[in-house]
Amino acid sequence: MTTAPADSSNALAPAYGDKVIAVETAGSEPIPDAERHGSPLQLLWTWASPNIEFATVFIGVISVLFFGLSFWQATAAIVLGTALGAITQGVLSLDGPRFGVPQMVIGRFSFGRLGNILPAAANGLVAGVGWFAVNSVSAAFALNTLTGLRPLPSLLLVVVAEILIGFIGHNFVHTFERYAFPALAVIFLLAGVWTFKDADLGGGGTGGGIGGFLLAFSAAWGYAAGWNPYATDYSRYLPRTANRFRTVLYPAVGLFVSVALVAIIGAASATIVAPKDATPTAAFTGHLPGWLGDLVLLAIILGGISANALNIYSGAISIASFGLKLPTWLSRSVLVVVSGVAGTAAAWASLSDAGSAYEAFLLVIAYWVAPWLGVVLVERWLQGRTATDEELAARLSDRSFTNRPGLAALLVGIAVSVPLFSNQEDYVGYVPKHWPSFGDITPVVGFVVSAGLYAVLRRAKAQLPSTGSA
């Protein structure tokens, strides 16, 4: 009896391969070896370009204006929070070449086939609707400021471009980010130099204290780690032989440098008095000379589109990762359009109060991402000691596989952290209500509780007599 060699798929001619102007047909299924291409270097700009935009600027702005930190306090919180989110982005990216599936499919290890639908749905909603709305609004305001076109038509022009990029798919997304990167980097660096020239770096600091620091840390971590549920979506086409160190390094560096630098520029800009009644984007560009202000507005538009190309693509991939038998016409590309329509409606609804909506959204992201990440990292650590890649790949495709401890740990982490530690405009948890100096440590508590509980439950499950899937 003979068997086909493991790499026999390489003998097949790729149907998609490295074509750029071609609609991707793959959904959440494993990418065959014949379709694998690219190098880890592409992850550098793919994770840098989407963060050189106004949503990242606003992390620094709210740290100073809303959370009451000085520029230097805000910088420390931003660097620490971003570094933690960037490191895990690199680690999770390793599973792309390893298994060839999106990040939300990898989640089946932690939550089981059916249990994974909950975090996949949450990511589809956050990415394809929430983040899509946030970035579309900032790009629309920039277009409105630059051209005088009213906000709603500006919004519609922006979302059409975003949906088109996501509709075409993986290779086009990577290529778009590659060519957007140098333009965005040069323009924002120029804006940063001018901003620091006019900024009062000893300013800010209206009494935020440790509570304000923890809020800013949570916002920065939530923003950076908010990309973690997308990690393998953009590394899954890499060959299995891709260099592991570079597969970790490039996404981590691209994410950290772009978020940290742009958010710090935002913190510096918050120490400059903005024009009265200016939109958020106009406030950021108000101190710049006309030519540079116009370039920055163009960069904000381009950056918003860069970010949403990933958001809408990964939102659709998350829905495809449910593993349900969907109609053949409901492909990944069609899901991009559906997600884009929903995100556009959410963006339209938030045009009137974009700043407040973004602050709340940015903090809430970490409320679910942190417990999810705690479970996923513990599972990744444990499975490396107990199973081979072949066994794990079979588990991904096993429709009967369940992992109740993962879903239980995720839900308990959220149930403990949010009611007790949340510090939002609409709801203040028990701890910050009685001890305001705690700020908002919801993500930290959620991560620790879910990770610790899952480690205990997972070990207990492993010690039980084998009864099949459990």
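Since the structure is predicted, the reported quantities are computational estimates derived from the model, not experimental observations. For the single chain, residues carry numbers from 1 onward in sequence order.
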Colleague: So does Leu255 get a backbone contact from the side chain of Ser258, meaning a donor-acceptor N/O pair under 3.5 Å?
Modeller: yes

Colleague: At what distance, to the nearest 0.5 angstrom, does CG of Leu261 lie from CD1 of Ile265?
Modeller: 6.5 Å

Colleague: Could you tell me whether a side-chain N or O of Glu29 sits under 3.5 Å from a main-chain N or O of Gly27, the two making a donor and an acceptor?
Modeller: yes

Colleague: Can Arg240 and Glu35 be counted as an ion pair, charged N to O under 4.0 angstrom?
Modeller: no

Colleague: So, for Ile106 and Phe99, which heavy atoms are closest and what is the spacing to 0.1 Å?
Modeller: CD1-CD1, 3.6 Å

Colleague: Out of curiosity, Ser318 OG to Asn311 CG, how far, rounded to the nearest 0.5 Å?
Modeller: 10.0 Å

Colleague: Between atom OG of Ser93 and atom OH of Tyr250, what is the distance when rounded to the nearest 0.5 Å?
Modeller: 13.5 Å

Colleague: Of Leu118, Val375, Ile117, which meets side chain to side chain contact (heavy atoms under 4.5 Å, CB included) against Phe111?
Modeller: Val375

Colleague: For the pair Asp95 and Arg380, evaluate salt bridge (charged side-chain N to carboxylate O under 4.0 Å, His left out) and give the outcome as yes or no after the intermediate values.
Modeller: CA-CA 10 Å; Asp95 285 339; Arg380 197 178 189 285; 3.2 Å; yes

Colleague: Are Asp233 and Gln103 close enough that a side-chain donor and a side-chain acceptor fall under 3.5 Å?
Modeller: no

Colleague: Can a donor-acceptor pair be found, under 3.5 Å and without considering hydrogens, that links the side chain of Asn116 to the backbone of Met104?
Modeller: yes

Colleague: Verify the ring-centre separation between Tyr223 and Trp131: is it less than 6.0 angstrom?
Modeller: yes

Colleague: Using 0.5 Å steps for rounding, measure from the CG atom of Leu157 to the CG atom of Asn144.
Modeller: 11.5 Å

Colleague: Check whether the side chains of Glu24 and Tyr313 place a donor and an acceptor atom closer than 3.5 Å, and report yes or no.
Modeller: yes

Colleague: Answer with yes or no whether the side chains of Ser49 and Tyr179 bring together a donor and an acceptor at under 3.5 Å.
Modeller: no

Colleague: Taking the side chain from Arg108 and the backbone from Leu396, do they hold a donor-acceptor pair closer than 3.5 Å?
Modeller: yes

Colleague: Heavy atoms only: give me the nearest Leu302-Ala183 pair and the separation to one decimal.
Modeller: CD2-CB, 4.4 Å

Colleague: Does the pair Leu92 and Leu377 meet the rule for a side chain to side chain contact (heavy atoms under 4.5 Å, CB included), with working shown?
Modeller: CA-CA 8 Å; Leu92 293 178; Leu377 290 178; 4.2 Å; yes

Colleague: Considering only heavy atoms from C-beta outward, does the side chain of Pro251 approach that of Trp227 to under 4.5 Å?
Modeller: no

Colleague: Give the ring-plane orientation class for Tyr230 versus Trp47, where under 30° counts as parallel, over 60° as perpendicular and anything between as tilted.
Modeller: tilted

Colleague: Are any side-chain N or O atoms of Thr232 and backbone N or O atoms of Ser235, one a donor and one an acceptor, separated by less than 3.5 Å?
Modeller: no

Colleague: For Phe245, does the CZ atom sit with more than 12 other heavy atoms under 6.0 Å from it, leaving out its own atoms?
Modeller: no

Colleague: Between Trp45 (side chain only) and Gln42 (backbone N and O only), is there a donor and an acceptor less than 3.5 Å apart?
Modeller: yes

Colleague: Decide yes or no for Thr82 and Ile59: does some side-chain heavy atom of the first lie under 4.5 Å from some side-chain heavy atom of the second?
Modeller: no

Colleague: Do the side-chain N and O atoms of Trp368 and Asn123 include a donor-acceptor pair separated by under 3.5 angstrom?
Modeller: no

Colleague: Can the ring centres of Phe141 and Phe284 be said to be less than 6.0 Å apart?
Modeller: no

Colleague: With a 3.5 Å distance limit and no angle check, can you tell me whether Asn228 reaches the backbone of Thr88 through a side-chain donor-acceptor pair?
Modeller: no

Colleague: Which atom pair, heavy atoms only, marks the closest approach of Ala180 to Ser306?
Modeller: CB-OG, 3.7 Å

Colleague: Can you measure from CG (Leu249) to CG (Leu41) and round to the nearest 0.5 angstrom?
Modeller: 10.0 Å

Colleague: Tell me whether Ser339 contacts the main-chain N or O of Ile312 through its side chain, where contact means a donor paired with an acceptor under 3.5 Å.
Modeller: no

Colleague: Under 3.5 Å, is there a donor-acceptor pair between the Tyr367 and Ser422 side chains?
Modeller: yes

Colleague: Taking all atoms of both residues into account, what is the closest heavy-atom pair of Val158 and Ala140, and its distance?
Modeller: CG2-N, 4.1 Å

Colleague: Report the C-alpha distance between Leu310 and Glu177 in whole Å, list the side-chain angles of each, state the deciding distance to 0.1 Å, and finish with yes or no for side chain to side chain contact (heavy atoms under 4.5 Å, CB included).
Modeller: CA-CA 9 Å; Leu310 270 64; Glu177 306 299 350; 2.9 Å; yes

Colleague: Quick check against the 3.5 Å criterion: does Gln73 have a side-chain atom that pairs as donor or acceptor with the backbone of Ser70?
Modeller: yes

Colleague: Stepwise, does the side chain to side chain contact (heavy atoms under 4.5 Å, CB included) test hold for Glu53 with Asn135?
Modeller: CA-CA 8 Å; Glu53 51 121 9; Asn135 292 308; 2.7 Å; yes

Colleague: Under a plain distance cut-off of 3.5 Å, with no hydrogens placed, do Ser136 and Asn308 share a side-chain donor-acceptor pair?
Modeller: yes

Colleague: Which pair of non-hydrogen atoms, one from Ala142 and one from Leu297, has the smallest distance, and what is that distance?
Modeller: CB-O, 3.6 Å

Colleague: Within the structure provided, determine whether Val61 and Phe66 are in side-chain contact (heavy-atom separation under 4.5 Å).
Modeller: no

Colleague: Are side-chain heavy atoms of Val445 and Val431 found at a separation under 4.5 Å?
Modeller: no

Colleague: Take the angle between the ring planes of His37 and His170 and call it parallel below 30°, perpendicular above 60°, tilted in between.
Modeller: perpendicular

Colleague: Are any non-hydrogen side-chain atoms of Arg236 and Pro97 less than 4.5 angstrom apart?
Modeller: no

Colleague: Of all heavy-atom pairs between Ser138 and Ile300, which one has the smallest distance, and what is that distance?
Modeller: O-CG2, 3.7 Å

Colleague: Quick one: does Thr247's side chain have a donor or acceptor within less than 3.5 Å of a partner on Asn243's backbone?
Modeller: yes

Colleague: State, yes or no, whether a side-chain contact exists between Thr46 and Phe181 at a heavy-atom distance under 4.5 Å.
Modeller: no

Colleague: Between Phe167 and Phe172, does the ring centroid distance fall short of 6.0 Å?
Modeller: no

Colleague: With a 4.5 Å limit on heavy-atom distance, are the side chains of Trp221 and Pro443 in contact?
Modeller: yes

Colleague: Report the C-alpha separation of Ile272 and Asp200 in whole Å, then their side-chain angles, then the decisive distance to 0.1 Å, and conclude whether the side chain to side chain contact (heavy atoms under 4.5 Å, CB included) test is met.
Modeller: CA-CA 7 Å; Ile272 304 171; Asp200 177 11; over 6 Å; no

Colleague: Can you tell if the side chain of Phe54 reaches within under 4.5 Å of the side chain of Val57, non-hydrogen atoms only?
Modeller: yes

Colleague: Working to the nearest 0.5 angstrom, can you tell me the gap between Glu162 CD and Thr344 OG1?
Modeller: 7.5 Å

